[in-house]
Amino acid sequence: MNSPPTPSTVTLRTITKMARERRPFACLTCYDATTARWLERAGVHVLLVGDTAAEMVLGLPSTIHMPLDVLIALTAGVKRGAPRTLVMADMPFMSYQVSQDEALRNAGRFMTEGLADVVKIEADASHAPLVERMARAGVPICGHVGSKPQQAGLTGGYSSAGRTPSEAARVVEDAVALERAGAVMLLVEAVPESVTSRILEETSVPLIGIGAGPACHGQVLVLQDLLGITERPPVFAEPLAQMGHQLQKVAEEWVRRVSERIVTGHRFEVRVEGAASAVRPSIR
Ligand code: KIV
């Protein structure tokens with residue numbers, strides 16, 4: 001196997017420069033250090049520790065169930081696994097809605113305890129004062145507009161956004177207001193490409209898209225959807241592998257081997273008392 005290229009450090013400056021130069025950047029969700037290490041080696045520019053961890057990691061029914069403390073701990077794990085990659089953390093449901101003070105404190109925890117480089121909130125124009133306050137405090141915010149999964153309770157499920165003229169205008173207004181308030185990045189989910197184009201015309205910070213067409217500066221998908229291990233991926237997420245089947249095959253082979261007592265790998269020999277050094281050899 002070829003040794004992977006050593007990636008250089010990706011910062012907000014790197015991403016902003018790539019966006020200005022129209023060089024697309026890649027973003028994937030990630031929830032653990034081991035996977036983060038491989039994604040960094042692959043050259044993924046941004047890792048998003050999304051509240052989709054509620055579904056992907058914890059098996060909870062939707063993203064609104066993501067516990068704040070758990071997501072902060074997962075974010076720190078991802079940054080430790082991928083120290084040269086820009087790590088963005090999602091603020092989960094009810095961690096920024098109750099009051100500005102609480103939102104600011106929780107965003108700060110994502111940066112100090114969670115080692116996040118950027119913090120993302122699902123937002124509309126009404127969040128501009130909060131974003132302004134966070135920016136003043138030194139929190140780099142990504143404003144998530146368009147379809148907002150944390151609002152699924154209001155609409156009866158995950159859905160697209162910006163598909164009527166008035167809805168489209170609102171999504172664009174949200175993006176503009178959040179940038180004006182100090183958001184350093186925007187993310188737009190599940191909107192028609194015409195909405196993406198208007199956001200690109202009217203804002204200047206890097207725009208990450210998911211189900212929003214190819215024009216965005218960067219693209220993100222949930223890693224499990226890309227790997228083909230989720231049961232029902234969203235319509236815009238085309239898997240590039242069928243790793244669920246591969247995983248199942250490997251596990252089936254393990255079950256077979258265990259049942260037939262086929263256990264390979266190193267076997268520990270009995271040592272003669274006092275003959276070997278007192279230092280125990282490492283098993284890794
Ligand atoms: O939580 C998440 O993974 C996200 C992406 C789907 C954009 O917000």
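Heavy atoms only: backbone and side chains are in, while hydrogens, waters and symmetry mates are out. Counting starts at 1 for both ligands and their atoms, following the listed order. In this text the structure is predicted, and so the values were computed from the model without any measurement.
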Can you list every pair where an N/O of ligand 1 is under 3.5 Å from an N/O on the protein?
| unit_1 | atom_1 | unit_2 | atom_2 | d |
| --- | --- | --- | --- | --- |
| ligand 1 | 1 (O) | Asp51 | N | 3.1 |
| ligand 1 | 1 (O) | Asp51 | OD1 | 2.8 |
| ligand 1 | 1 (O) | Thr52 | N | 3.2 |
| ligand 1 | 1 (O) | Thr52 | OG1 | 3.4 |
| ligand 1 | 1 (O) | Asp90 | OD2 | 2.8 |
| ligand 1 | 3 (O) | Thr52 | OG1 | 2.5 |
| ligand 1 | 8 (O) | Asp90 | OD2 | 3.4 |
| ligand 1 | 8 (O) | Lys120 | NZ | 2.8 |

Subject >> Cation over ring face, Arg41 and Trp38, 6.0 Å, 45° >> reply: yes
Subject >> For Ser147, all residues meeting side-chain hydrogen bond (donor to acceptor under 3.5 Å, both in side chains), sequence neighbours excluded >> reply: none
**OP:** Could you tell me whether the side chains of Gln248 and Glu252 share a donor-acceptor contact shorter than 3.5 Å?
**Re:** yes
Original post:
Does Pro92 offer a backbone N or O that forms a donor-acceptor pair with the side chain of Ser95 under 3.5 Å?
Top reply: yes
Original post:
How far does CG of Leu47 sit from SG of Cys27, to the nearest 0.5 angstrom?
Top reply: 7.0 Å
Subject >> side chain to side chain contact (heavy atoms under 4.5 Å, CB included) partner of Phe110, the single match among Asp117, Val118, Leu68 >> reply: Leu68
